[in-house]
Participant: 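What follows is a structure written as C-alpha cells; I'll ask about it next.
For the single chain, residues carry numbers from 1 onward in sequence order. Please read all numbers here as calculations on a predicted model, not as lab measurements. First listed ligand is number 1; within each ligand, the first listed atom is number 1.
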Amino acid sequence: MREALLIIDFQNDFVAGGALPVPHGDEILDRVNELIDSNRFDLVIATRDWHPADHHSFKDQGGPWPPHCIQDSEGAELHPGVHTDKIDVVVDAGFRAGLDGYSGFEKTRLESVLREHDIDRVTVVGLATDYCVRHTALDALRQGFDVVLDTEGIRGIDVEPGDSQRALEELAGAGATVR
Ligand code: VGL
Ligand code: ZN
C-alpha cells in the first residue's frame, strides 16, 4: 500500500487575516506538520487555490467569494508554518477565470502524479472541508483511490450551518474513511 498525504489549499488567504478566512483554519497547522513529519507517506502533495484576478468565483465577476488566492500574491502562498521542505509536489488549481478549481484534480497533473508514484491511498487534510477538500476527495474516490479524511487536519467554512458535517457524511457514504 503506497500512501500520499494531500494538503488542500492551506494558504494565507484561508486563515485569520486572509481574504477568505476559514473559521479556525489555523488550528490544523500542528496536525498537518505532524503528518508531514511522520514519514508515513511515500509522497506529500500540497494544492494551492491559484486564481487570476478576474476569476469567475469572485463577487465582482458575479461569483460568491471575495477575491482570494490571486496568483503570485502573498495571500496565495502556503501557510508559513507548514514544513514545506518536506512537500514533494505543489499542484495549482482554479488557474483560469472559468475553472472552478474546487477539485485539485480539475485540469491539473494531480492524478498523473499519483499514478506515477503508484499511490493507492490518499490521506486528505486542509481547507475547506465543504469546498475544496470535499470536491478533491470525491474525485479521488471516483478515480479509485482509497481516501482517508483526517478530521483533526481539516476545517470548513459552513456558509450554511452543518455544511461541513454534511460533506463528511457524503464522503463517508461515497466510500471514504473519516477519522
Ligand atoms: C475554496 C472557496 C473558494 C477552498 C477555494 O479551498 O475550499 N473555497 N475557493
Ligand atoms: Zn477559490
Side-chain angles (χ1 to χ4, degrees), residues 5-29 31-32 35 44-82 84 87 89-110 122-142 147-171 174 176 178:
L5 179 65
L6 205 46
I7 306 161
I8 306 298
D9 299 0
F10 194 20
Q11 293 163 273
N12 289 325
D13 272 343
F14 291 127
V15 296
L20 177 46
V22 177
H24 309 285
D26 300 273
E27 292 174 7
I28 68 171
L29 179 63
R31 180 60 176 161
V32 169
L35 289 168
V44 178
I45 302 178
T47 65
R48 294 187 301 192
D49 207 31
W50 195 251
H51 297 320
D54 62 346
H55 193 257
H56 75 165
S57 78
F58 295 171
K59 280 186 175 137
D60 54 8
Q61 307 293 323
W65 308 115
H68 62 277
C69 295
I70 294 181
Q71 293 166 5
D72 296 308
S73 70
E74 197 185 331
E77 287 172 16
L78 295 174
H79 187 297
V82 178
T84 45
I87 293 175
V89 183
V90 176
V91 171
D92 295 330
F95 49 84
R96 284 201 301 267
L99 276 185
D100 273 331
Y102 288 137
S103 168
F105 287 96
E106 188 186 4
K107 299 269 195 292
T108 70
R109 63 204 175 98
L110 180 54
V122 295
T123 293
V124 183
V125 292
L127 306 171
T129 309
D130 34 0
Y131 290 92
C132 288
V133 168
R134 168 176 175 251
H135 283 88
T136 305
L138 285 171
D139 274 351
L141 288 164
R142 285 184 196 113
V147 176
V148 176
L149 276 300
D150 185 287
T151 50
E152 220 183 306
I154 57 180
R155 293 291 186 278
I157 300 177
D158 289 322
V159 171
E160 299 295 335
D163 280 352
S164 297
Q165 190 52 42
R166 282 188 287 278
L168 291 179
E169 284 161 15
E170 178 187 18
L171 285 161
V178 178

Participant: Between D150 and R31, is there a salt bridge with N-O shorter than 4.0 Å?
Facilitator: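 Salt bridge between R31 and D150, a charged N being under 4.0 Å from a carboxylate O: yes.
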Participant: Distance to 0.1 Å, residue and atom name: give those for the protein heavy atom nearest to atom 8 (N) of ligand 1.
Facilitator: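 For atom 8 (N) of ligand 1, the nearest protein heavy atom comes out as Y131 CB, 3.7 Å.
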Participant: Do any heavy atoms of H135 fall under 4.0 Å from ligand 1?
Facilitator: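 No, H135 has no heavy atoms under 4.0 Å from ligand 1.
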Participant: Kindly compute the distance separating OH (Y131) from CG (L20), expressed to the nearest 0.5 Å.
Facilitator: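 Answer for the OH-CG pair, Y131 versus L20, is 9.5 Å.
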Participant: Could you give the distance from CG (D100) to NZ (K107), rounded to the nearest 0.5 Å?
Facilitator: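 NZ of K107 is found 11.0 Å from CG of D100.
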Participant: What atoms in ligand 1 come closer than 4.0 Å to a heavy atom of A128?
Facilitator: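 Close to A128: 4 (C), 6 (O), 7 (O).
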Participant: Going by side-chain contact (heavy atoms from CB on, under 4.5 Å), V44 matches just one of I87, T84, L35. Which one?
Facilitator: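 That would be I87; it is the only one of I87, T84, L35 passing the side-chain contact (heavy atoms from CB on, under 4.5 Å) with V44.
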Participant: Answer with side chain, backbone, both or neither: which part of L127 has a heavy atom less than 4.0 angstrom from an atom of ligand 1?
Facilitator: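 The backbone, only.
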Participant: Quick check on the 6.0 Å ring-centre criterion: do F14 and H68 meet it?
Facilitator: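 Here the rings of H68 and F14 have centres that are less than 6.0 Å from each other.
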Participant: Do any of the N/O/S atoms of H51, backbone or side chain, fall under 2.8 Å from the Zn ion (ligand 2)?
Facilitator: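 Coordinating: yes.
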Participant: Any idea which atoms of ligand 1 are less than 4.0 Å away from a heavy-atom of D9?
Facilitator: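 Checking each atom against D9, I get 4 (C), 6 (O).
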Participant: How long is the span from the OG1 atom in T129 to the CG atom in L149, to the nearest 0.5 Å?
Facilitator: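 The OG1 atom of T129 sits 8.0 Å away from the CG atom of L149.
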Participant: For a distance under 2.8 Å, tell me if D9 has an N/O/S atom near the Zn ion (ligand 2).
Facilitator: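 Coordinating: no.
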Participant: Quick one: pull up CG in L168 and CG in D163 and give me the separation to the nearest 0.5 Å.
Facilitator: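 Here the interatomic distance stands at 11.0 Å.
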Participant: Which ligand 1 atoms does H68 reach within 4.0 Å, using its non-hydrogen atoms?
Facilitator: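 Listed by number with element, the hits are 3 (C), 9 (N).
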Participant: What N/O/S atom of D49 is the closest to the Zn ion (ligand 2)?
Facilitator: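 Result for D49 and the Zn ion (ligand 2): OD2.
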Participant: Which one of D100, V159, D49 has a non-hydrogen atom at the shortest distance from atom 9 (N) of ligand 1?
Facilitator: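 The option holding the nearest heavy atom is D49.
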Participant: Tell me, please, if H68 has any N/O/S atom, main chain or side chain, under 2.8 Å from the Zn ion (ligand 2)?
Facilitator: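 For H68, the answer is yes, given that an N, O or S atom comes within less than 2.8 Å of the Zn ion (ligand 2).
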Participant: Measure the CZ-OG1 distance between F105 and T47 for me, rounded to the nearest 0.5 Å.
Facilitator: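 It is 10.0 Å, given to the nearest 0.5 Å.
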Participant: Got a sec: does the CD of E74 have more than 12 other heavy atoms crowding it under 6.0 Å?
Facilitator: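 Not buried by this count: 12 neighbours or fewer within 6.0 Å.
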Participant: Look at atom 1 (C) of ligand 1 and say which protein heavy atom is nearest, naming residue and atom and giving the distance to 0.1 Å.
Facilitator: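 Residue, atom and distance for the closest contact: C132 SG, 3.5 Å.
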Participant: Just jot down the ligand 1 atoms closer than 4.0 angstrom to any heavy atom of W65, in number order.
Facilitator: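 Close to W65: 2 (C), 3 (C).
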